[in-house]
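The structure appears below as structure tokens.
Whatever order the structure lists them in is the order used to number ligands and atoms, beginning at 1.
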Amino acid sequence: MTCPRIEINLNKVSHNAKFLVALYATKNINVIAVMKGVCGDSVIADTLVKSGMTSLADSRISNLHKLRYSGINVPLMLLRVPMLSEAEEVVKSVDISLNSELLTLKVLSKYAVAHNTIHKVILMVELGDLREGIMPHEMIDLVVQVIALEGIKLVGIGTNLACFGGVKPDDNNMGHLSSIANQLEEKFGLQFEFISGGSSANYNWFMFTKEVKRINHLRLGESIYLGCEPLLGKPIPELFTDAFTLIAEVIEVKTKPSLPYGEIGQNAFGNIPVFEDRGSMRRAILGIGIQDVAISGLEPLMDIEILGASSDHLVINTKKISLKVGDEVSFHLNYGALLSAMTSPYVAKEYQASMEYLDVQMTE
Ligand SMILES: *Cc1c(COP(=O)(O)O)cnc(C)c1O
């Protein structure tokens, strides 16, 4: 079989999606499936829609474009605040975008009018993580101007945490977002459709909070695909953490020293590598490298040790495992590794599913 490849168990992805939709619904929170971790894969998108995800999101317009033209028929949301250079495409192929800049909103408005459409926007509020977002005290002035823009409909506010500054979603920042929503709705006579509190990182807040207040929307990627919450990396009970498996093939096995010999200079990446002398060891090379996947996010499913990688080679210590040329070695991926492997054109995607299972799940 083709190597390297990523095996995608659609039944497990489907189970995770259904579970999370139902879980968040217990406190009236709607979720949107974030596709960037799987590079906007349309087979996975189709599975997610059949599993109850009523809309899809991505940070890249190219992925949303691909989804739109693959026949996916649910609302699409752009997560990264738009570039001016992509504003026309945003208005044409996306239903909702997250925004934080008046200039960009004005350009979106211009194109929405030109294309005779209404583009929905959510304004992002800065609540401490210091990536995108408007400072809370500047919200009122901005809303005054946004509601006056033709072709633009303000449908809500949102925030993003736990991405840049590592700030945890908690009752404090979620309460703040709720009170900003109340204040804006009252002042401008609006009724927001979305008060979008965050991402997979909101899981622990959600589980332990006494009240979610006005939060009615979350944008979920990692927890659907990897079955864990990102802040502590803990598995979420009842979810599959092994829906994705990366497989690479052995191309050399030899007993060699553990310490490079000869005069040492920089390696292929401009670093001077440091190794410990552990005597001779059984080493194998796998036909996978940095061009295929973020190696640091791989965890072997057998007892071997990753020694390092270059662009096309992964060197391992086989320890007590007897490997031979042609054998396959499997890995669990973290979110960064998943994202890179799904994005790499060198990694084959292999979907595994019993369609009966999906159909049964759908009609339950
Ligand atoms: C990536 C992203 C998400 C999803 O984050 P996960 O940790 O994968 O759930 C949500 N919102 C925004 C703005 C994002 O960029």
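Among residues two or more places apart in sequence or in another chain, the side-chain hydrogen bond (donor to acceptor under 3.5 Å, both in side chains) test is passed with Asn99 by Ser97. Under the ring-ring contact (aromatic ring centres under 6.0 Å, His included) criterion, Phe206 pairs with Tyr24, sequence neighbours left out.
Using a 4.0 Å heavy-atom criterion, the residues that approach ligand 1 are Val34, Lys36, Leu79, Arg131, Glu132, Asn160, Ser199, Ser200, Arg219, Leu220, Gly221, Glu222, Tyr335.
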Donor-acceptor list for residues 281-292 side chains, cut-off 3.5 Å, not counting sequence neighbours:
unit_1	atom_1	unit_2	atom_2	d
Arg282	NH1	Thr255	OG1	2.9
Arg283	NH1	Pro257	O	3.4
Gln291	NE2	Asp312	OD1	3.4
Asp292	OD2	Gly289	N	2.8

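Ring geometry, His65 versus Tyr69: the interplanar angle falls from 30° to 60°, so the pair is classed tilted.
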### Message
Would Lys168 and Asn173 count as a side-chain contact (heavy atoms from CB on, under 4.5 Å) here? Give the steps.
### Response
CA-CA 9 Å; Lys168 290 183 187 175; Asn173 43 43; 5.9 Å; no
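Between the side chain of Lys92 and the main chain of Tyr111, no donor-acceptor pair closer than 3.5 Å is present.
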